[in-house]
Amino acid sequence: MDAPTYTPEDAPVPTGEVVVERLCTPQELGPKLNRTAADVVRFLLQNGEMVTATQSLPDEMIELFAADLGVEIRLVDPGEEKETELQALLAIERDVELDLTERPPVVTVMGHVDHGKTKLLDQIRNADVVAGEAGGITQHIGAYQVHKNGHRITFIDTPGHEAFTAMRARGAEATDIVVLVVAADDGVMPQTVEAISHAQAAEVPIVVALNKIDRPNANPSRVMQQLAEHDLVPEQWGGNTVTVEVSALENLGIDELLEHILVVAELEELRAYPSGRAEGVVLESHLDVGRGPVATLLVQDGCLRVGEPVVAGAAWGRVRALMNDRGEQVSEAGPGTPIRVLGLSAVAVAGAGFAVAPNEKVAARVASTREHWQRIASLGRDLSVVAGGGRLEDIFQEIQAGETATLKLIVKADMNGSLEAVIDALRKIERDDVKMVFVHRAVGAVTENDIQLAATAGATIIGFNVRPDRKARGLADTEQVEIRTYEVIYQIIDDVQAALLGMLAPSYEEHVTGEAEVREIFRIRGVGAVAGCYVQHGAVNRGSKVRFLRDGTVIWKGEIRSLRRFKDDVPEVRAGFECGVGLSNFQDLKSGDVIETYEEREVLPT
C-alpha cells in the first residue's frame, strides 16, 4: 500500500516545542514547521506583511505564523543551539569520576580612586606598576598570582576611576573575594559605595583593607562607622566583615591581610575540576603588533593547555602559547590561574566566557555564529550614522540650520576593556539635545581605513593609548580629519563634554539693569512725548532695551531713543538722579509708570 501524500496545507505539524532561531528566513522557518518557504510568504502577505523568502523575519512574524499552525515554539539567539552543544560536551566531562580539588581564591581589589589599591598590590607582589600608569590611575585589569603559607592567591586589580564601572562590575562577577581598599584618612567615597554595590550584587564576601593607617589624620573608627552604614559591620563591632589595618606605603599589615584572605577562602570551600576541558572568563584583550591578538584569561575550571582549540566570545583559535603573570611561557594553566593566551583569531571581548572545544571545527562554528549575532545587534547602531557635520569644531552649521546636533565619533583603544570603559563613560555624558553616534569602535592603532571612514561620515577620531602611524597622519591632514589622542580617560570626558556644550544653541536670560519712575510727561514739538523720570535703582543707559510697566503689567517693550540730564545728552543716569527719557515708537506715557531697562546675557550651558 502506498504511503499517503500530503499537500502543504494538510501536512502534519511538529508536536512538542520547536526551537527556532531569531531572524531566520522563510526558507529556514518553513521546514522546521513542516511547511515551505512559499507557505510562510503567502501567509504573511495575507496578513499585510510583504516579505521575500530570503528576508530575515522579526520575532512577531515568526510567532504569528507558528500560532496560526498551533505549534509551540521557543525563539533562541542564532548559535544558541551550538552553544548548548558545546556546554553539553563540557558537562559530560564534569561527571563524578572527576574529583573536585581545592583551587586558589580569585580576589578582586576595589575602592575609590587614589585610595592605594595598586600600591597595595605593588607591596603584595613586590613589583612596581604604579609608575607605569598614566596619571597614576590604573587603566587596565591586571591579574597576578602570589604565594602565602603554601597556598596561591589570584589578585585582579580593577581600575578605580568612575569611568571604569563596567570593568569593575565584570571583575566582581569573576571573583570569589573582594578586597575593598578604603583610605583611613579619607573614608567611604562615592566609588567606594559603587564597589560595595558590585560586590554585594555578586554575593561575594568582602574583606576591608583600611589603607594609609600611617597617616597622622587617619581615623579608622570613623571609617568603620561609615562602612556599617552600608551593611558592612566590622567583626570588632560584632559583625561579619573582616577589616585589616594596612599601610601600602610602609608595608604594614600586608601579611595579616593575606592570612585573612586565606581564612575567608577556606570558609568558602572553593573547589574546581583540576583536569578536563578548561573554561573561564576573558579578563582583558588587546592587539599586539608582533604577536597578534593577546587575551588575558582566568581559568575557572579544567586545565588549559598549549595546542588546544579555544573559543572565547566571537574569537577562536588553537592556543599557540601560554604566559603567566611574570611573562614566563608555561605549558598549562589550572583553575584559578590568570594566563595570557596567543593564537586567537581576533581580539576577544573582555567579560566573555571561554571554553576549550572538542576540535577547531566546533570552535570556528560557535565563534562565527556569535560574531554573526553581535554584528546583527550592532547593525542598528552602525546604521545610525547620518550625513552632515559632526566634528568637534564644525558642528554649529547644523544648529544654525535648525537641525539636531550630532557628534560622530570613531573610538580606538589599546585594549578591549579600555574601549568598553571609554564608550560607557561617553554614553553617560550624552544629552537629549545633542546626539552622540559611535560610527566605529575597535582595538588597535588608528589606521588609514579609520581616516577614510571618518572622512566619509564626518566623524572625529578618539584614540586612547593608541596613535596613528605616519601614513594615517598624512591622510588625516589631506582629508582634514580630526584625531585626538589621550592617555587618561577623564581628559576624554572633559574634552567631549566641552564639545557637547559648545554644540548647544546659546540661551539667554534677562538681567534688569535699571528702574525709573515716570514723574511728569513733556510734549515737545517734533520730538513727541518725553518722560521726566527719577532713577530709583541701578542705572538707565541710552540704547538700553526697555519695558514699560503700568500697575505691574508690561504694556510696551522697545529701546531708549534719547537720554538727557537737563539740556545735555548723556550716556547713562544712575540711581538718585532725574532724567528725561525719549522712547522709540511709544507715546502713551502716564505719571506713575515704571521704566525698566534690561539686557540679555548669554547663559553658558551646563
Side-chain angles (χ1 to χ4, degrees), residues 388-407 429 431-435 493-606:
R391 304 186 191 183
L392 295 183
E393 298 173 355
D394 301 334
I395 201 69
F396 293 102
Q397 293 177 0
E398 291 184 18
I399 297 172
Q400 291 168 358
E403 302 171 1
T404 301
T406 304
L407 175 61
I429 63 173
R431 308 172 61 106
D432 293 335
D433 39 10
V434 182
K435 297 300 179 185
I493 299 169
D494 290 345
D495 280 6
V496 174
Q497 199 158 33
L500 291 176
L501 295 179
M503 289 160 63
L504 294 175
S507 60
Y508 298 89
E509 65 181 19
E510 294 179 352
H511 285 262
V512 175
T513 57
E515 187 178 290
E517 182 184 1
V518 178
R519 296 283 176 90
E520 197 171 349
I521 308 299
F522 302 98
R523 303 287 175 180
I524 302 175
R525 184 179 299 177
V527 176
V530 174
C533 302
Y534 176 75
V535 181
Q536 295 173 315
H537 301 287
V540 174
N541 293 274
R542 186 172 61 233
S544 289
K545 292 184 177 180
V546 66
R547 52 182 161 235
F548 249 69
L549 305 178
R550 185 171 295 167
D551 298 326
T553 302
V554 177
I555 60 172
W556 181 80
K557 295 176 72 173
E559 291 184 356
I560 293 178
R561 186 181 61 190
S562 63
L563 184 66
R564 289 196 171 198
R565 280 272 299 153
F566 302 109
K567 293 184 179 181
D568 299 325
D569 284 323
V570 292
E572 176 185 270
V573 179
R574 294 189 172 274
F577 294 94
E578 294 180 338
C579 60
V581 176
L583 303 172
S584 59
N585 307 320
F586 186 69
Q587 301 293 312
D588 185 23
L589 303 175
K590 289 184 180 180
S591 180
D593 288 346
V594 174
I595 293 178
E596 196 175 73
T597 60
Y598 65 95
E599 62 183 24
E600 291 183 339
R601 298 177 184 173
E602 186 175 343
V603 180
L604 293 176
T606 58

### Partners meeting salt bridge (charged side-chain N to carboxylate O under 4.0 Å, His left out) with K590 (sequence neighbours left out)
none

### Spatial distance of atom CG (L549) from atom CD1 (I595) [nearest 0.5 Å]
9.5 Å

### Task
Using salt bridge (charged side-chain N to carboxylate O under 4.0 Å, His left out) as the criterion, list what pairs up with R519, not counting sequence neighbours.
E517

Under 3.5 Å donor-acceptor pairs involving side-chain atoms of residues 572-581, not counting sequence neighbours:
{"from": "E572", "atom 1": "OE2", "to": "R574", "atom 2": "NE", "distance (Å)": "3.1"}
{"from": "E572", "atom 1": "OE2", "to": "R574", "atom 2": "NH2", "distance (Å)": "3.2"}

### Task
Run the numbers on W556 and V546 for side chain to side chain contact (heavy atoms under 4.5 Å, CB included), then give the verdict.
CA-CA 8 Å; W556 181 80; V546 66; 3.7 Å; yes

### Query
How far apart are the closest heavy atoms of A516 and V540, and which atoms are they?
CB-CG2, 4.2 Å

### For E520, all residues meeting salt bridge (charged side-chain N to carboxylate O under 4.0 Å, His left out), sequence neighbours excluded
none

### Summary
Heavy-atom nearest pair, V594 first then E515, reads CG1-CG, 3.7 Å

### Task
Using side-chain hydrogen bond (donor to acceptor under 3.5 Å, both in side chains) as the criterion, list what pairs up with S544, not counting sequence neighbours.
none

### Query
With sequence neighbours left out, what residues match R547 under side-chain hydrogen bond (donor to acceptor under 3.5 Å, both in side chains)?
E510, E596

### Task
Provide the closest heavy-atom pair for L563 versus R542 in the form atom of the first, atom of the second, distance.
CD2-N, 3.7 Å

#### Entry: Partner set under side-chain hydrogen bond (donor to acceptor under 3.5 Å, both in side chains) for N541, not counting sequence neighbours
none

### Rounded distance [0.5 Å steps], CD1 in I555 versus NZ in K557
13.5 Å

### Message
D569: which residues meet the salt bridge (charged side-chain N to carboxylate O under 4.0 Å, His left out) condition with it, sequence neighbours left out?
### Response
R564

### Message
Nearest 0.5 angstrom please: K545 NZ to T597 OG1, how far?
### Response
12.5 Å

### Query
Tell me the ring-ring contact (aromatic ring centres under 6.0 Å, His included) pairs involving residues 515-551, sequence neighbours left out?
F548-F586

